[in-house]
2 protein chains.
Amino acid sequence: MARQRLSRDDVIRGAVAYIDEHGAQSLTMRRLGASLGVEAMALYRHVAGRDALLAAVVHQVIDDLFNDSLMTEEPNSWEEYVQHVANALRNLALDHPQIFPLIAAHPPEAPWLRPPLRSLRWVDHFLRSLRDFGFSDSAAVDAYKALTSFLLGALLLQVAAVGVAVSPEEASMIEDGSLDQYPTLKGLQGKLAEDHSKREFDDGLDDLIERIRSILHP
Amino acid sequence: MARQRLSRDDVIRGAVAYIDEHGAQSLTMRRLGASLGVEAMALYRHVAGRDALLAAVVHQVIDDLFNDSLMTEEPNSWEEYVQHVANALRNLALDHPQIFPLIAAHPPEAPWLRPPLRSLRWVDHFLRSLRDFGFSDSAAVDAYKALTSFLLGALLLQVAAVGVAVSPEEASMIEDGSLDQYPTLKGLQGKLAEDHSKREFDDGLDDLIERIRSILHP
DNA sequence: ACCTGAACACCGTTCAAGT
DNA sequence: ACCTGAACACCGTTCAAGT
């Protein structure tokens, strides 16, 4: 394959792929350069530095969400719209479990931009959609705040569990004996370990929608 | 002050103080050593390495929560207990905004240990308390899952906002003009920026308690 | 037993130099 | 205009040496 000249987009997409495979911790300017067939220093022509690159990765992934099939179809109610946004973000988190924590942790561009819906374009889209469904300004903003809080907690927990499953050597870092101190926990360990994450997510989402409904009709 | 021999506890408490002041990113074995009056390599006598140190910091801070005044008084109902746990964690997040994201991000010891209530001792305490108030095994576990999800989302958003406020040079990274593309957002910017974090938290917590009640009496 | 000093293999980032 | 090579100031971590 002939080597084209490197573009900014190549660098960012390369970083996304690298993090998906190896995790953000092991992304190094030198290693990313090597994976793109270029010296590390060439990357600085396209991004200001490592931090700026990670910020660009976050932005890229969040913006790709607009192309998710869930987002391209027109919703018939605000409930449907909220459900589509939530599930599109859930898919993103499951597709990029190594990147989602960056979305959560990286300082947003403005204090009123809340992860994981943290781009100007997204917030505008969300507020506009709800208003088109009849929400007042205040109700739309409150719904945005409630949704971001729910999604952040629910999805971060989901990918944290995935992250553990990925590194099996640490999967049972807890020696059998250490549970003897905690008999209640020991008895409930089986129940705790059961994974009902999809049901948990859907139940939480139903509750959230109920809550937004009560914001809408106080 | 005469220099005592360094203990593991000195190292961990020193790391907590260092992160509170400078952030986890700038915690370096060399710099932490210097702040404790010791060479970096001396730290390795007490912790296995930087990652292990950060894990110990997380564990320490979470365990200190048992000494919070909210946790030492005996609750009269499960609602009161849940409220005390939630508010103690909220205080922790506000006291250690630089450490809370580590609690959220660091891989837990077991997949069924969910941040931010992620120590064996805490989970055991929580499940035991709810069972003492009459919860079934399943109800206690479901309540644990619902509470962790709520706290993680709500508190991470709270400290993310604090983190931005701390670095004022980035506070207005968004140039005035860039909002012109997004008229809806521009109009609602004021409402978005309003900080009602305590009310938001309390409302969310009330909702969560309502939700747990419906788990308890299906 | 605990701490130090020197060393190793890596970082991010700069800058002048190449094409 | 874009990439490279050498260099700088830092990392985490190891290991032998000091006390």
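The figures that follow rest on heavy atoms only: side chains count, while hydrogens, waters and symmetry mates do not. Naming convention: chains lettered A, B, ... in sequence-line order (proteins, then strands); numbering from 1 in each chain.
Across every strand in view, C/dC8 sits in a pair with D/dG12 that passes the Watson-Crick or G-U test at under 3.5 angstrom. With both pairing distances under 3.5 Å, D/dC3 is matched to nothing as a Watson-Crick or G-U wobble pair.
Although no hydrogens or angles enter the test, the distance criterion places a donor-acceptor pair under 3.5 Å between the side chain of A/R114 and the main chain of A/K145. A donor-acceptor contact shorter than 3.5 Å links the side chain of B/Y144 to the backbone of B/L117. When atom types are taken as modelled, the side chain of B/R128 and the backbone of A/L185 share no donor-acceptor pair closer than 3.5 angstrom.
B/R45 places its CZ atom 11 Å from the C1' atom of D/dC15, with the value rounded to the nearest Å. Between the P atom of C/dT14 and the CG atom of A/L43 lies a distance of 13 Å, rounded to the nearest Å. A/D51 places its CG atom 12 Å from the C1' atom of C/dT13, with the value rounded to the nearest Å. The distance from atom CZ of B/R5 to atom C1' of C/dC3 is 11 Å, rounded to the nearest whole Å.
The pair A/D64-A/R13 meets the salt-bridge criterion, since a charged nitrogen lies less than 4.0 angstrom from a carboxylate oxygen.
The aromatic rings of B/F66 and B/W122 sit parallel, their planes meeting at an angle under 30°, below the 60° perpendicular limit.
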Under a 4.0 Å heavy-atom criterion, the protein footprint on nucleotides 5-12 of chain C, written with B, S and -, is BBB---BB

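Pairs engaging residues 15-39 of chain B under the ring-ring contact (aromatic ring centres under 6.0 Å, His included) rule: B/Y18-B/H22 [sequence neighbours left out].
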